Amino acid sequence: MSRQALDAFAAGIESEVLEAIEIGARSGVDKRLATLTEDYADADALRRLAGQVRQHTLDHLDEYLASAEERLTSHGAQVHFAASPDRALEMILDIVRASGTRVITKSKSMASEELDLTRRLTEEGFEPVETDLGEFVVQLDGDRPSHIVKPIIHKNRRDVARSFERCGLGDYDDDPETITRRARAYMRDKFLDARVTMTGANFISAESGRVAVVTNEGNARFGLAAADVHIVLAGIDKVIPRDRDLALLLSLLIRSATGQRITSYVELVAGPRLADRPSGPREMHVIFLDANRSSVVGSDMAPILRCIRCGACMNACPVYRLSSGHAYRGVYPGPMGAVLGPLLAGNEGFAAVADLARASTFCGACRDVCPVDIPIPDLLARLRARSVREGVILARAGVPSMAGYLLLARHPRLWRLAMGLGRVLDWLPLRRLPLASIRAWFDSRTLPRWRGAQFRKDVKRGRREQEDG
Ligand code: SF4
């Protein structure tokens, strides 16, 4: 999908969906700003500090991963390293087959989306159950998440009520409390049936081996309380140096993601059940997923691996808000997805998604809200340069519109002529051109009146005023 195709995708989105995304994204922006400014005199200093902690971890990732493995193993957990999503899937299948379970409960995990895990487990004859309410609706609909924190940001409660009715979870009722009660009743039996539960990890401490998982619904905790086997699937970038770093990173993650000061549940899982630790699953497996991350560590794109998956850059991004997460056609949408997607695709898959780096206005809103200070526009510019270098995307000078611009910019007389002729645009019936993409463009925008040459006039006037003193 080229940038034009992303525009076309956006143009085809129903207004109800766009409205749902706008409401969800705006509430994320407002709540984040309110809690950060109320709670911290200098939130930017904290963002810089968190960025340094994350970058330091990446700069010493080998050491911290080895330390996390050693601590987890000493607590009785089994640690695995998967080079690719397919290898991680094989490991998960081995573990669930050995457990004898059919039902598997799952907390929300973006790493599991990289494996397309729910679909793949279903194909293998298992019954995976997404227990995060948003992900549960995604599963009912055979859909994909369109936001990393709010997977059904593109749906409203009427959509959800229709999904529940279609899937036999009661007659149509769009009361949120009724919907939640029905989901809870359905999931309770599944929690009790599942011998295996899966979570992601928001962070894994290299110092203690503790796995931090945050939820607002208590679904991870219920899964851990009921199952015999706990599988953690986490990218290798989820390691942090010390337990005390959680204070900083969780504070920023939660405020940036949901505008809360703390989520309803924060699990710190130290290992499986032992004689001196009588609760929790009897077996714990931690699968560290590489999937091209190690090729990014140490490169000039490494800062994207600081990402703590808060979703704030999506909420703030004007392109995301008009195109939806699905337009990015990968696991990770929005500005961070436009960087991470092409990198995780590896050298072989880069060309297919390199165009995502062009889905940006370079307004910088993503950089300004990022809790770990990732310079997303700089990374997008590097990706654009790479795609031109590798011949994946034409240099802008090779694109017809840019070639025309270059011709005018190099010839002042032609430029002045074009500026004068541009007034014609004010009179042309552009909205009636027989091109769907142009009509769609004008549906949501009004072209300002032509002011060609005004900039030069203003500069000349400014100079004269300066000379006149
Ligand atoms: S790039 Fe920054 S703002 Fe975007 S999801 Fe990651 S941490 Fe959040």
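On a predicted model such as this, the values are computed, not experimentally measured, just so you know. Each ligand, and each atom within it, is numbered from 1 in the order the structure gives.
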Q: Starting from atom 8 (Fe) of ligand 1, find the nearest protein heavy-atom neighbour and note its residue, name and distance.
A: C310 SG, 2.3 Å

Q: Return the orientation label for the H154 and H326 ring planes: parallel under 30°, perpendicular over 60°, tilted otherwise.
A: perpendicular

Q: Show which atoms of ligand 1 fall inside a sub-4.0 Å distance from at least one heavy-atom site of I376.
A: 1 (S)

(Q) Only heavy atoms of G311, strictly under 4.0 Å: list the atoms of ligand 1 that pass. (A) 5 (S), 8 (Fe)

Q: Evaluate the ring planes of H60 and H56, with Trp represented by its six-membered ring, and classify them as parallel (under 30°), tilted (30 to 60°) or perpendicular (over 60°).
A: tilted

Q) Do NZ/NE/NH1/NH2 and the carboxylate oxygens of R87 and E90 come within less than 4.0 Å? A) yes

**Q.** Closest approach of any protein heavy atom to atom 2 (Fe) of ligand 1, naming residue and atom
**A.** C370 SG, 2.5 Å

Q. Relative to the ring of H80, is the ring of H285 parallel (under 30°), tilted (30 to 60°) or perpendicular (over 60°)?
A. parallel

Q: Specify whether F164 and F136 have parallel, tilted or perpendicular ring planes, treating 30° as the upper limit for parallel and 60° as the lower limit for perpendicular.
A: perpendicular

Q: Could you check atom 1 (S) of ligand 1 against the protein and tell me its nearest heavy-atom contact, residue, atom and distance included?
A: M336 CB, 3.6 Å

(Q) Please report the interatomic distance CD(E114) to OG(S84), rounded to the nearest 0.5 Å. (A) 11.0 Å

Q | For C313, atoms of ligand 1 separated by under 4.0 Å from a heavy atom | A | 1 (S), 3 (S), 4 (Fe), 5 (S)

**Q.** For atom 7 (S) of ligand 1, the protein heavy atom that lies nearest, with its residue and separation
**A.** I308 N, 3.4 Å

Q | Structural part of I304 in contact with ligand 1, heavy atom criterion under 4.0 angstrom | A | neither

Q) Looking at atom 6 (Fe) of ligand 1, what's its closest protein heavy atom, distance included? A) C307 SG, 2.3 Å

Q) Is it true that R54 and D245 have a side-chain N and a carboxylate O under 4.0 angstrom from each other? A) no

